[in-house]
Visitor: 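The following block contains the structure, expressed as structure tokens.
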Number of protein chains: 2
Amino acid sequence: MADHNALPLVVLAEKFASLPGIGMKTAQRLAYHVMSMDSDYVEEFAQALIDAKQKVHKCSVCCNLTERDVCPICDDDDRDHSLICVVESPKDVTAFERTREFGGVYHVLHGLLSPIDGITPDKLHIRELLARISAGGVEEVIMATNPTVEGDATAIYIANLLKPLGVKVSRLAFGLPVGGILEYADEVTLFKALENRNDM
Amino acid sequence: MADHNALPLVVLAEKFASLPGIGMKTAQRLAYHVMSMDSDYVEEFAQALIDAKQKVHKCSVCCNLTERDVCPICDDDDRDHSLICVVESPKDVTAFERTREFGGVYHVLHGLLSPIDGITPDKLHIRELLARISAGGVEEVIMATNPTVEGDATAIYIANLLKPLGVKVSRLAFGLPVGGILEYADEVTLFKALENRNDM
């Protein structure tokens, strides 16, 4: 915004524009919208930002984000603690929980290996995963990282670390998405679907 | 987000989702992103929200948003204060300022007439515009509201109020957008372009 705009609005628009997927034009629109909000609501919004940053931290067991010391999933005795699903981010935990089919627990890496971006194994929560398995009681670890170069590399790297510990390591199945159309499937997905075909 | 998510993140996502054009999925992504921000930056963001709401108000002359009593445009003696451009919102002032061609001043209505939505003339800053003109020194008022039903109705309503005050009232020209393709112009725009044709 040019200098004829009120400075606090310019500052706020810049903050919004620093969020992923929000350009300067949208950020300006959001800043103007804040002007039309109730004062109390704006203060709640500001407090919500600070609370999210200050009160939320990583679960001391699985590294998922939580405001408690141990997250509700790790703290749930009804879940199968011998089955750990390893995911890249907290968003993936949400995705699995939505299926309501997974009864095990999670481990959140908070990233994928990508040496070119400086993301080496020590930057991820791999040490914490090894500690959980060394503590015993874990039977299977499901590598549920994305089917991308980084996701596959991370899954293979961790699998190689875990196998000597005598734990079963599995990988999510790749194939045609349910409801998908064969004609539109990419070659790699179709190859995976062929390769991993099941008896009927 | 389900209840396994940290509550402060859910609260923050709800705040983001209350912004225009931001759905729950994007809001969750933004809330997660806040977690990865620097603590100081999050506090600046929170403060920017509060500042925008508390420090920014309407210019006592033109009703544009500013943190001063009189906005920099109204306060600029180099501008032509006898020429007032009437716009719907502060965003429109930004749009005109970007052209760097308008040397007059503005009047921001903060809305358009829309009786069906309860927006009657007393809800807009029309009284303030009449006061500026009554104070004298204004020669021309350009109605620069959008070429929509509400924009046209508002322009006509205000023009009818202003004409008895002996001030010239004009309307923005409507026609083909520069760089536009005739084939894709809608009928009304093409009709306006024909009707308002200029001698060459």
Side-chain angles (χ1 to χ4, degrees), chain A residues 1-16 18-22 26 28-39 41-57 59 64-68 71-73 76 89-91 93-94 97-98 100 110, chain B residues 1-16 18-22 26 28-39 41-57 59 64-68 71-73 76 89-91 93-94 97-98 106 110:
Chain A
M1 292 197 228
D3 55 5
H4 62 273
N5 271 107
L7 186 65
L9 276 178
V10 177
V11 171
L12 180 58
E14 279 166 2
K15 301 295 177 199
F16 276 126
S18 74
L19 294 169
I22 296 192
T26 303
Q28 287 175 22
R29 199 164 44 83
L30 297 180
Y32 279 125
H33 181 80
V34 169
M35 299 292 307
S36 68
M37 284 176 168
D38 203 63
S39 281
Y41 191 82
V42 173
E43 278 179 32
E44 280 172 33
F45 198 151
Q47 194 57 48
L49 275 169
I50 291 171
D51 283 352
K53 182 68 191 174
Q54 285 184 349
K55 293 190 184 164
V56 179
H57 49 257
C59 167
N64 192 10
L65 297 175
T66 179
E67 77 270 36
R68 310 198 211 167
C71 79
I73 293 175
D76 186 348
S89 75
K91 279 173 271 198
V93 173
T94 309
E97 287 300 289
R98 263 201 306 263
R100 296 172 194 270
H110 286 276
Chain B
M1 292 198 230
D3 55 5
H4 63 274
N5 271 107
L7 185 64
L9 276 178
V10 178
V11 171
L12 180 58
E14 279 166 2
K15 301 294 178 200
F16 277 125
S18 74
L19 294 170
I22 296 193
T26 303
Q28 285 174 23
R29 200 163 44 83
L30 296 181
Y32 279 125
H33 181 80
V34 169
M35 299 292 307
S36 68
M37 283 177 171
D38 202 63
S39 280
Y41 191 82
V42 174
E43 278 179 32
E44 281 171 32
F45 198 151
Q47 194 58 48
L49 276 169
I50 291 171
D51 283 354
K53 183 66 190 175
Q54 285 184 348
K55 292 189 185 164
V56 179
H57 49 257
C59 167
N64 192 10
L65 297 174
T66 179
E67 76 271 36
R68 311 198 209 167
C71 78
I73 294 175
D76 187 347
S89 76
K91 280 173 270 197
V93 173
T94 308
E97 287 300 289
R98 264 200 304 265
Y106 298 94
H110 286 276

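Residue numbers begin at 1 in each chain, while the letters A, B, ... track the order of the sequences. What you see below is based on every heavy atom in this structure, not just the backbone, and it leaves out hydrogens, waters and symmetry mates.
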Visitor: About how many Å separate OH of A:Tyr41 and OG of B:Ser18, when rounded to the nearest 0.5 Å?
Guide: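 Going from OG on B:Ser18 over to OH on A:Tyr41, the span is 3.0 Å.
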Visitor: Mind listing the closest non-hydrogen atom pair of A:Ala52 and B:Met35 along with its distance?
Guide: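 Heavy atoms of A:Ala52 and B:Met35 come nearest at O-SD, 3.1 Å.
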Visitor: Given the options B:Arg29, B:Lys55, B:His110, which has more heavy-atom pairs under 4.5 Å with chain A than any of the others?
Guide: B:Arg29
Visitor: Below 4.5 Å, heavy atoms only, C-beta onward: do A:Val56 and B:Tyr32 meet side chain to side chain?
Guide: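 Side chain of A:Val56 against side chain of B:Tyr32, heavy atoms only: no contact under 4.5 Å found.
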Visitor: Would you say the side chain of B:Leu49 lies within less than 4.5 Å of the side chain of A:Leu49, judging by non-hydrogen atoms?
Guide: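 A side-chain contact exists here, since the closest heavy-atom pair is under 4.5 Å.
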Visitor: Could you tell me which of B:Glu43, B:Met37, B:Glu14, B:His57 has the largest number of non-hydrogen atom pairs under 4.5 Å with chain A?
Guide: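 Between B:Glu43, B:Met37, B:Glu14, B:His57, the count favours B:Met37.
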Visitor: Where do B:Lys91 and A:Gln28 land on the side-chain contact (heavy atoms from CB on, under 4.5 Å) test, with the steps shown first?
Guide: CA-CA 9 Å; B:Lys91 280 173 270 197; A:Gln28 287 175 22; 6.0 Å; no
Visitor: If we define contacts as heavy-atom pairs under 4.5 Å, which of A:Gly21, A:Pro20, A:Ser39, A:Ser36 has the most with chain B?
Guide: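 Among A:Gly21, A:Pro20, A:Ser39, A:Ser36, the one with the most close pairs to chain B is A:Pro20.
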Visitor: Just so I know, are the side chains of B:Leu9 and A:Leu65 near enough to count as touching, which here means a heavy-atom distance under 4.5 Å?
Guide: yes
Visitor: Looking at A:Ala48 and B:Val11, what are the two nearest heavy atoms and their distance?
Guide: CB-CG1, 4.0 Å
Visitor: Answer with side chain, backbone, both or neither: which region of B:Ser89 has an atom nearer than 4.5 Å to a non-hydrogen atom of chain A?
Guide: neither
Visitor: Where do A:Val34 and B:Lys53 come nearest, in terms of heavy atoms and distance?
Guide: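 Distance-wise, the nearest heavy atoms are O-CD, 3.8 Å.
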Visitor: Within the side chain of A:Glu67, is there an N or O that forms a donor-acceptor pair under 3.5 Å with the backbone of B:Leu7?
Guide: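 Looks like yes, one N/O pair under 3.5 Å.
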Visitor: Answer yes or no: is there a side-chain heavy-atom contact under 4.5 Å between B:Ile22 and A:Leu30?
Guide: yes
